[in-house]
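See structure below.
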Amino acid sequence: MNSPHVPVLLNEVLQAFEDIKSGVIVDCTLGYGGHSSAILEQNQNVNLIACDQDEEAIKFSSERLKKFGQRAQIFKSKFSEILGKVEQSQIRGILADIGVSSLQLDKNERGFGLKSENLDMRMDAQAKFSAYDIVNFYSAKELERIFADYGELPSPAKFAAKIIEARQSGEIKSAERLAQIIGLKGVNGRSVSAATLAFQAIRIEVNNELGELQNLLQSIEDSQIDECIVAIISFHSLEDRIVKNKFRQWAQSCICPPQALRCTCGGDNALGKIVSKKAITPSAAEIKANPRSSCAKMRIFKISRGKNAR
């Protein structure tokens, strides 16, 4: 069954989980089942639990993974909530591919693309809050905030003002119209357009993407999951920074404040160790075959609580 979405860093994901011989691997971002299917093929004695918010993706992947029978279980859920829905004691691997699928980007009605006739950007099509609400009802200050924080746009107030001004002539109903308002020229000498960065910011706000990632990482930290490989794939610096900082925190044995004269915490607080010292990125061959993979970064952590279990 051919997938409409090419899974990124597939070989690297399989390598990360290749030594897991039993138990459960959780795919927090099922999508169109590319990673999940390959993991089940490779890890013959492992079961898989997966989730997604997108009904279309769940329908497709349910059919794709049917051949694995009861080894695959799928939930409609936010990825930040999946660990609270399943038995955790057998979890030996956690994968999260934090990004928008090619099908979501390319489908006009989903409103993610710069040329879309719609203005939507919801990963869960049943959610009530969409890009339309942000673009047409956010104040200048709210728009400026998300453009600065989530799009890292230079002069965010300028782009917020463009939207406020355009709204005086009526509602902004399409992503294509929004892209024209923001502008398709590169910013600060970069090839990426202002509209692309603004769309990123709006999409993150619509889906609370950074909050979801932080909640997932916190739920892993607060759980009793042990002897588990955690692999997180991100697609922009904001996500990658969250993952990198959390993994560094998890790897710290001593959590005493920097000004402490001596360690009083016991020095045994590490949840495990960082497996990937540097972010794992796609090969030149993968980028050539799938240009959308070029921004992907994967970081891997091995949870091994042992006597440090909380």
Side-chain angles (χ1 to χ4, degrees), residues 5 7-9 13 25-33 35-36 49-58 61 74-86 88 91 93-105 110-112 120-131 133-134 138 142 145-152 197-223 225 228 230-247 249-250 279 295-301 303:
H5 175 67
V8 301
L9 294 169
V13 166
I25 294 176
V26 178
D27 186 348
C28 298
T29 45
L30 171 65
Y32 290 84
H35 288 124
S36 286
I49 292 170
C51 71
D52 207 287
Q53 296 185 71
D54 192 319
E55 292 278 10
E56 186 174 1
I58 289 174
S61 293
I74 298 173
F75 291 84
K76 184 179 189 296
S77 169
K78 294 180 179 180
F79 61 75
S80 65
E81 299 173 353
I82 186 61
L83 295 183
K85 297 177 182 290
V86 301
Q88 298 179 2
I91 295 175
I94 298 172
L95 171 67
D97 176 2
I98 314 296
V100 182
S101 75
S102 295
L103 194 66
Q104 288 172 327
L105 286 171
R110 300 305 296 269
F112 285 97
D120 192 330
M121 303 191 196
R122 292 173 296 173
M123 291 184 178
D124 179 356
Q126 304 303 314
K128 294 181 179 180
F129 184 64
S130 73
D133 300 300
I134 290 173
Y138 266 29
E142 289 173 314
R145 171 184 62 80
I146 65 170
F147 289 160
D149 293 349
Y150 301 154
E152 299 181 299
L197 294 176
F199 273 48
Q200 172 185 295
I202 294 168
R203 193 198 76 224
I204 289 173
E205 178 79 356
V206 168
N207 299 290
N208 187 29
E209 291 178 33
L210 300 186
E212 285 292 300
L213 175 57
Q214 290 167 330
N215 290 340
L216 170 64
L217 293 168
Q218 192 62 48
S219 70
I220 294 171
E221 179 178 334
D222 293 341
S223 74
I225 293 170
C228 176
V230 179
I232 310 288
I233 301 171
S234 60
F235 285 84
H236 56 74
S237 60
L238 298 172
E239 294 170 338
D240 183 57
R241 194 177 306 138
I242 289 170
V243 176
K244 179 172 65 175
N245 290 340
K246 181 58 78 171
F247 281 6
Q249 177 190 328
W250 287 356
C295 297
K297 292 182 178 181
M298 180 168 69
R299 296 185 185 272
I300 305 170
F301 190 92
I303 295 177

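Worth saying up front: this structure is predicted, and the values here are computed from it rather than measured.
Paired with C228 under the rule side chain to side chain contact (heavy atoms under 4.5 Å, CB included), one option of I94, V26, I25 passes, and it is I94.
How far CD of Q218 is from CD of Q214: 9.5 Å, rounded to the nearest 0.5 Å. Between the OG atom of S237 and the NZ atom of K297 there is a distance of 7.5 Å, given to the nearest 0.5 Å. Atom CG of residue D120 and atom CG of residue D133 lie 9.5 Å apart, to the nearest 0.5 angstrom. Rounding to the nearest 0.5 angstrom, the gap separating the CG atom in D27 from the CD1 atom in I74 is 9.5 Å. In this structure, the separation between CG on D54 and OG1 on T29 is 12.5 Å, given to the nearest 0.5 Å. In this structure, OG on S77 lies 9.0 Å from CD1 on I58, to the nearest 0.5 angstrom.
Contact between S61 and G33 at its shortest, heavy atoms only, is OG-N, 3.1 Å. Between F199 and M121, the closest heavy-atom pair is CD2-CE, 3.5 Å. E221 and W250 make their closest contact through OE1-NE1, 3.0 Å (heavy atoms, listed as atom of the first residue, atom of the second, distance). Nearest heavy-atom pair, G151 versus Q200, reported as atom, atom and distance to 0.1 Å: CA-NE2, 4.1 Å. Here the shortest heavy-atom pairing between C51 and C28 reads SG-O, 3.1 Å. The two residues I82 and F79 make their nearest non-hydrogen contact at CG2-O, 3.2 Å.
Under the 4.5 Å side-chain criterion, counting only non-hydrogen atoms from C-beta, I225 is not in contact with V230. The side-chain heavy atoms of Y138 and R145, taken from C-beta on, include a pair separated by under 4.5 Å. Between E209 and L238, the closest side-chain pair of non-hydrogen atoms is not below 4.5 Å. For the pair V13/D97, no side-chain contact is recorded, criterion being any heavy-atom separation below 4.5 Å from C-beta on. In this structure, R122 and F129 have side chains that are not in contact, with every pair of non-hydrogen atoms separated by 4.5 Å or more. I204 has its side chain out of reach of I146: every pair of non-hydrogen atoms, C-beta onward, lies at least 4.5 Å apart.
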Could you walk me through whether I91 and L83 pass the side-chain contact (heavy atoms from CB on, under 4.5 Å) test, one step at a time? CA-CA 10 Å; I91 295 175; L83 295 183; 4.0 Å; yes
For I232 and K246, run side-chain contact (heavy atoms from CB on, under 4.5 Å): C-alpha distance rounded to whole Å, both residues' side-chain angles, the deciding distance at 0.1 Å, then the answer. CA-CA 11 Å; I232 310 288; K246 181 58 78 171; over 6 Å; no
Does the side-chain contact (heavy atoms from CB on, under 4.5 Å) test come out yes or no for V206 and I134, once each step is laid out? CA-CA 8 Å; V206 168; I134 290 173; 3.5 Å; yes
Stepwise side-chain contact (heavy atoms from CB on, under 4.5 Å) check, I202 with E205: CA-CA 5 Å; I202 294 168; E205 178 79 356; 5.7 Å; no
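Remark: the backbone N or O of L210 is not paired with any side-chain donor or acceptor of E239 at under 3.5 angstrom. N207 places a side-chain N or O within 3.5 Å of a backbone atom of M123 that can act as its donor or acceptor partner.
Classification of the F247-F301 ring pair by plane angle, with boundaries at 30° and 60°, yields tilted.
Comment: K78 does not engage D124 in a salt bridge, judged by the lack of any side-chain N to carboxylate O separation of less than 4.0 angstrom.
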